[in-house]
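Reviewing the structure listed below.
Read the numbers this way: they start at 1 and go in the same order the structure lists the ligands and their atoms. Sequential numbering from 1 along the given sequence is applied to the chain's residues.
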Amino acid sequence: MRVVALGEPLVQLNAVTPGPLRYVTHFERHVAGSELNFCVSILMTGVDCSLLARVGRDEFGRSILEYARARGVEVSSVKEDDAPTGVYFIQRHFPVPDRSEVFYYRRGSAGSRLSPEDVNEALIKGARLVHSTGITLAISDSAREAVERAFQLASNRSVDTNIRPKLWAPDKAREALRRVIGGLEFLFVDPVDSKIIIGESEPDAAVRKFTEEFSVQTVVFKMGERGARVYMDGKQVHGPTFRVRVEDPIGAGDALAGYFVGLVIQGKSVEEAIRYASAAATLVLTTRGDTEALPTLAEASKFLSSFEGT
Ligand code: KDG
């Protein structure tokens, strides 16, 4: 079984020390980007994943391709482009402890030049599911059109709304996301994004709108420290939460989405899928980098057993 994710892979420069970036002198390089993170996460559950994207023909582009390949991501549809690879920095634990803030250097990047002509029809048509996020819809008109083209061809679709206020205004986000969420198999959303898209942040009321007005099949409502609530097949299942020391929370949402979709499409129960996905997302909080701490299924089981009875 194969899924395809469309979006911009980025080089992440993560502050080694917490505090304001103006005083940080050491950064650690990682490879990230929401859809690449999704691919690595779903691969950990045993589902193959292809990334459809562009990277720069430069050292950072090479590092992304090498890392993606090393993690098992299929990259034959990743094009090299003359524009530079996008980069972002992460500031940690400042001004809010346990939170991170991102600073992008990606305008005009290779990844934002993704376009409908990059959409490999055979790959999309052969996929069990095609995944993307609000980030790809935000970075350029051509990237948004690539997602719309892929979604027209796909038999099943999944979206993580991931509205990044630094990338676009709420009214633009609302318009673009409303165009792609109709008939989704999976929608990942949080209360803030839900308010922007359908004017409702309360989960039960929001999910009613997503299912009745947009025919979304499964909604995963992400509520941060309060855990994730899944609405699927007419029932609600609440994912567990675990107390850990937070190093950098960026990437946890992608871990949750990849793990959850991977387990559900392989026939696991919604209860098991959200339990394991919550474990994977929690482990990502404990390290710098978005994908290094993604567990194998055996490691996720070990993590879950360690919390049993606590
Ligand atoms: O979800 C994690 C991503 O936000 C991070 O890897 C960077 O893709 C990224 C973005 O555009 O914010």
**Item:** Face-on cation placement of Lys268 at Phe260 ring, 6.0 Å and 45° thresholds
**Value:**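 Ring-cation test returns no.
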Can you tell me if [atom1] on [X] sees more than 12 non-hydrogen neighbours from other groups inside 6.0 Å?
| X | atom1 | answer |
| --- | --- | --- |
| Arg99 | CZ | no |
| Arg226 | CZ | no |
| Glu175 | CD | no |

**Message:** Quick check: do Thr136 and Glu35 have side-chain heavy atoms less than 4.5 Å from each other?
**Reply:**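 Yes, close enough: below the 4.5 Å cut-off.
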Is the closest N or O pair between [X] and ligand 1 shorter than 3.5 Å?
| X | value |
| --- | --- |
| Arg106 | yes |
| Arg164 | yes |
| Asp290 | yes |
| Gly33 | yes |

**Prompt:** Rounded to the nearest 0.5 Å, what separation is found between the NE2 atom of His30 and the CD1 atom of Ile250?
**Reply:**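 Between His30 NE2 and Ile250 CD1, I get 12.5 Å after rounding to 0.5 Å.
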**Asked** Could you walk me through whether Arg57 and Asp81 pass the salt bridge (Lys or Arg N to Asp or Glu O under 4.0 Å) check?
**Response** CA-CA 6 Å; Arg57 197 174 283 109; Asp81 186 289; over 6 Å; no
Which residue supplies the protein heavy atom nearest to [atom], what is that atom called, and how far is it?
| atom | answer |
| --- | --- |
| atom 9 (C) of ligand 1 | Leu10 CD1, 3.7 Å |
| atom 2 (C) of ligand 1 | Asp254 OD2, 3.1 Å |
| atom 8 (O) of ligand 1 | Ser34 N, 2.9 Å |

**Message:** Please state which option from Tyr104, Tyr88, Phe38 has its nearest heavy atom closest to atom 5 (C) of ligand 1.
**Reply:**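 The option holding the nearest heavy atom is Tyr88.
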**Message:** Taking only non-hydrogen atoms of Ile135, do any sit less than 4.0 angstrom from ligand 1?
**Reply:**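 Yes; Ile135 lies near enough to ligand 1 that a heavy-atom distance drops under 4.0 Å.
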**Prompt:** Step by step, would you call Phe89 with Phe103 a ring-ring contact (aromatic ring centres under 6.0 Å, His included)?
**Reply:** CA-CA 5 Å; Phe89 289 79; Phe103 297 86; 8.3 Å; no
Relative to the heavy atoms of [X], which atoms of ligand 1 are at a distance of less than 4.0 Å?
| X | value |
| --- | --- |
| Asn37 | 2 (C), 6 (O) |
| Ile250 | 2 (C), 5 (C) |
| Ala32 | 6 (O) |

